[in-house]
Amino acid sequence: MTKTTFPTVDKCTSIGREQHAVVADMDGTLLRGRSSFPYFALVAFEVGGILKLLFLLLATSLAGLLYYFVSESAGIQVLIFATFSGMRVSDIESVARAVLPKFYSSDLHPETWRVFSACGKRCVLTANPTIMVEAFLKDVLGADLVLGTKIATYKGRATGLVCKPGVLVGKNKADALDKAFGETQPDIGLGDRDTDTPFMSLCKEAFIVPTQPQVKPVTMDKLPKPIIFHDGCLVQKPTPLMALLTILWIPIGFLLACLRMVVDVLLPMPLVYYALMALGVRITIKGTPPPQAKKSIGQSGVLFICSHRTLLDPIFLSIALGRAIPAVTYSVSSLSEIISPIKTIRLSRDRARDASMIKKLLEEGDLAICPEGTTCREPFLLRFSTLFAELTDQLVPVAMVNRMSMFHGTTTRGWKGMDPFYFSMNPSPAYEVTFLNKLPLELTCTAGKSSHEAANYLQRVIAATLSYECTNFTRRDKYRALAGNDGTVVEKPLLMANKVMGCNLGA
């Protein structure tokens with residue numbers, strides 16, 4: 001039997017394709033990587049935790065043997081069973097919308113995306129479970145149709161088995177495409193392996209995507225929707241090696257995190273800087289902070305306006321100043337309040353009550369606030385609340401930025417009590433605190449400026465320092481996108497079908 005050969009994707013023109021329909025495979029075609037393990041691992045860890053990830057890792061050897069020596073379908077079925085068995089469908093959907101798109105979008109193949117994005121109708125054929133990839137493909141890449149493997153469920157939980165006709169590989173892909181398009185022949189077919197040949201042969205034109213590990217992925221600015229909000233614990237894509245290192249590090253990292261947090265709580269604030277540096281936490285301080293307000297001579301406290309990266313922002317501000325600075329917060333867990341080395345005061349979301357409370361606190365001394373109201377992981381600043389600008393003219397902007405190599409120190413869907421632990425579990429996390437110039441008196445509300453003008457100015461100043469972009473998104477936008485609620489109550493993830501993971505800057 002003669003093997004069908006196709007030209008490579010770089011030979012495909014993308015001009016004048018607005019009326020054409022494209023059908024593309026996913027792993028190795030639309031994505032650079034040919035392995036779907038990292039994405040199964042993300043679902044396993046985010047939903048099932050470290051034990052589920054370990055089970056998946058152990059099953060990977062069997063999956064590999066079946067994939068290469070029995071059938072592609074059998075290997076993928078093992079991954080699906082090891083990952084999904086026993087999981088709530090709603091949890092899988094939540095991870096698919098809030099976690100996976102960030103990782104998928106960082107691995108887009110530039111040549112495939114050039115062709116795929118140029119076509120007016122976009123279809124993806126994939127062996128991956130539809131429930132795992134559909135949110136990313138439709139909400140972020142603008143796919144019109146996603147044909148993938150359907151997982152079996154029972155009473156709202158995945159069984160780990162797949163529905164007929166089984167895993168979508170080889171002839172099953174061709175059959176699914178034929179059923180979806182009927183007598184209409186797709187214009188372009190894109191694949192990367194022999195088992196893609198059946199569906200590619202049904203297209204008017206077909207192109208193969210060669211394996212090129214060195215090719216650079218599509219940059220985030222080329223995506224139709226930049227991903228501003230995303231969730232999940234893991235910073236890096238969990239390849240099998242990275243997954244193993246994560247499993248081995250977690251017990252060590254947790255003990256290290258406990259030690260670092262004990263240091264935070266027990267040592268005097270001027271000594272915490274040196275102790276944390278000795279324990280591997282890199283702290284960089286830039287700029288000149290204002291002197292401490294003297295209550296004895298009637299000085300009002302300074303209000304530090306901080307960009308918000310994690311719940312630890314006010315603590316690292318205090319470390320940089322060498323003294324504990326109270327902070328007002330929107331919502332933190334009881335555990336975070338108990339273990340915090342600084343005083344935290346919850347805002348009630350009643351504007352008049354909060355304003356009165358902040359004024360009283362400023363009479364006592366300096367105070368910290370993060371006017372975004374929630375954290376953002378990407379280089380964007382959310383809209384600043386204007387309340388703080390109405391209460392004092394002693395406003396000092398502080399640009400906060402952090403770096404983590406293994407675990408994110410924030411969560412939207414999970415329990416916030418673990419946020420400080422996850423940040424401190426990183427082998428060598430870093431925090432950079434930059435004190436900027438106090439807001440000039442002529443730009444404050446005292447000089448006649450509106451609170452919106454003052455807040456927007458401070459947002460622009462901090463964004464310029466960090467090379468971030470200002471947005472009008474709010475805490476409510478983030479929580480509705482990632483958790484299906486407005487962020488005021490801790491709830492189980494409940495995502496409606498029309499909720500999207502990322503937000504469009506043009507919205």
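Every heavy atom of this structure was used, including side-chain atoms; hydrogens, water molecules and symmetry mates were not. Note that the coordinates shown come from a computational prediction; the quantities given were computed from them, not determined experimentally.
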Let me confirm one number: the [atom1]-[atom2] distance from [X] to [Y], rounded to the nearest 0.5 Å.
| X | Y | atom1 | atom2 | answer |
| --- | --- | --- | --- | --- |
| L311 | T411 | CG | OG1 | 10.0 Å |
| T246 | I250 | OG1 | CD1 | 6.5 Å |
| E372 | T374 | CD | OG1 | 8.5 Å |
| L312 | S318 | CG | OG | 11.0 Å |
| S117 | R122 | OG | CZ | 6.0 Å |
| I325 | M269 | CD1 | CE | 8.5 Å |

Between [X] and [Y], is there a side-chain N and carboxylate O pair less than 4.0 Å apart?
| X | Y | answer |
| --- | --- | --- |
| R383 | D477 | no |
| E18 | K121 | no |
| K102 | E378 | yes |
| D139 | K225 | no |
| R114 | E111 | yes |

*Test log, rule salt bridge (Lys or Arg N to Asp or Glu O under 4.0 Å), inputs K138 and D144*: CA-CA 6 Å; K138 287 189 174 182; D144 300 292; over 6 Å; no
Hey, are the side chains of [X] and [Y] touching, using non-hydrogen atoms and a 4.5 Å cut-off?
| X | Y | value |
| --- | --- | --- |
| L361 | P326 | no |
| F40 | N128 | yes |
| H408 | V235 | yes |
| I315 | P341 | yes |
| L42 | P238 | yes |
| L145 | V124 | no |
| L458 | F388 | yes |
| M357 | I345 | yes |

Would a distance-only check, ignoring hydrogens and angles, find a side-chain to backbone donor-acceptor pair under 3.5 Å from [X] to [Y]?
| X | Y | value |
| --- | --- | --- |
| H308 | T310 | yes |
| S424 | P420 | yes |
| T465 | V461 | yes |
| N426 | S428 | no |
| Q459 | T471 | yes |

*asked:* Suppose we screen for salt bridge (Lys or Arg N to Asp or Glu O under 4.0 Å). Which residues come up paired with K286, at least two apart in sequence or across chains?
replied: E432
_Among residues at least two apart in sequence or on other chains, which ones pass salt bridge (Lys or Arg N to Asp or Glu O under 4.0 Å) with R32?_
D107
For [X], I'd like to know if atom [atom1] has over 12 heavy atoms of other residues, nucleotides or ligands within 6.0 Å.
| X | atom1 | result |
| --- | --- | --- |
| Y422 | OH | no |
| Y457 | OH | no |
| R323 | CZ | yes |

*Please assess F45 against L56 for the test side-chain contact (heavy atoms from CB on, under 4.5 Å), listing each intermediate value before the final yes or no.*
CA-CA 9 Å; F45 184 75; L56 173 63; over 6 Å; no
*Which residue, I188, V115, V22, forms the side-chain contact (heavy atoms from CB on, under 4.5 Å) with R17?*
I188
*For the pair D231 and R377, evaluate salt bridge (Lys or Arg N to Asp or Glu O under 4.0 Å) and give the outcome as yes or no after the intermediate values.*
CA-CA 9 Å; D231 203 20; R377 295 176 176 179; 3.6 Å; yes
*asked:* Run the side-chain contact (heavy atoms from CB on, under 4.5 Å) test on F304 and D366 for me, step by step, so that the C-alpha distance in whole Å, both residues' side-chain angles and the decisive distance to 0.1 Å come before the verdict.
replied: CA-CA 8 Å; F304 292 98; D366 298 337; 4.0 Å; yes
*Report the C-alpha distance between E46 and S94 in whole Å, list the side-chain angles of each, state the deciding distance to 0.1 Å, and finish with yes or no for side-chain contact (heavy atoms from CB on, under 4.5 Å).*
CA-CA 10 Å; E46 294 297 336; S94 176; over 6 Å; no
*Classify the side-chain pair T392/K359 by whether it contains a donor and acceptor separated by less than 3.5 Å.*
no
*With no hydrogens and no angle check, do the side chains of S385 and R351 hold a donor and an acceptor under 3.5 Å apart?*
no
Testing the basics here: between [X] and [Y], what is the closest heavy-atom pair and its distance to 0.1 Å?
| X | Y | answer |
| --- | --- | --- |
| A389 | L395 | CA-CD1, 4.3 Å |
| C370 | S307 | SG-O, 4.4 Å |
| I285 | F435 | CG2-CE1, 4.0 Å |
| H109 | T29 | CB-O, 3.4 Å |
| M400 | L466 | O-CD1, 3.8 Å |
| P38 | K237 | CB-CG, 3.3 Å |

_Let's go through S300 and Q394 carefully: what are the C-alpha distance in whole Å and the side-chain angles of both, what is the deciding distance for side-chain hydrogen bond (donor to acceptor under 3.5 Å, both in side chains) to 0.1 Å, and is it a yes or a no?_
CA-CA 8 Å; S300 175; Q394 301 297 306; over 6 Å; no
*Are the aromatic rings of F103 and Y39 close, with centres under 6.0 Å apart?*
no
*How are the rings of F316 and Y431 set relative to one another: parallel (under 30°), tilted (30 to 60°) or perpendicular (over 60°)?*
parallel
_Using side-chain contact (heavy atoms from CB on, under 4.5 Å), reason through D192 and T112 one step at a time and then give a plain yes or no._
CA-CA 11 Å; D192 69 292; T112 309; over 6 Å; no
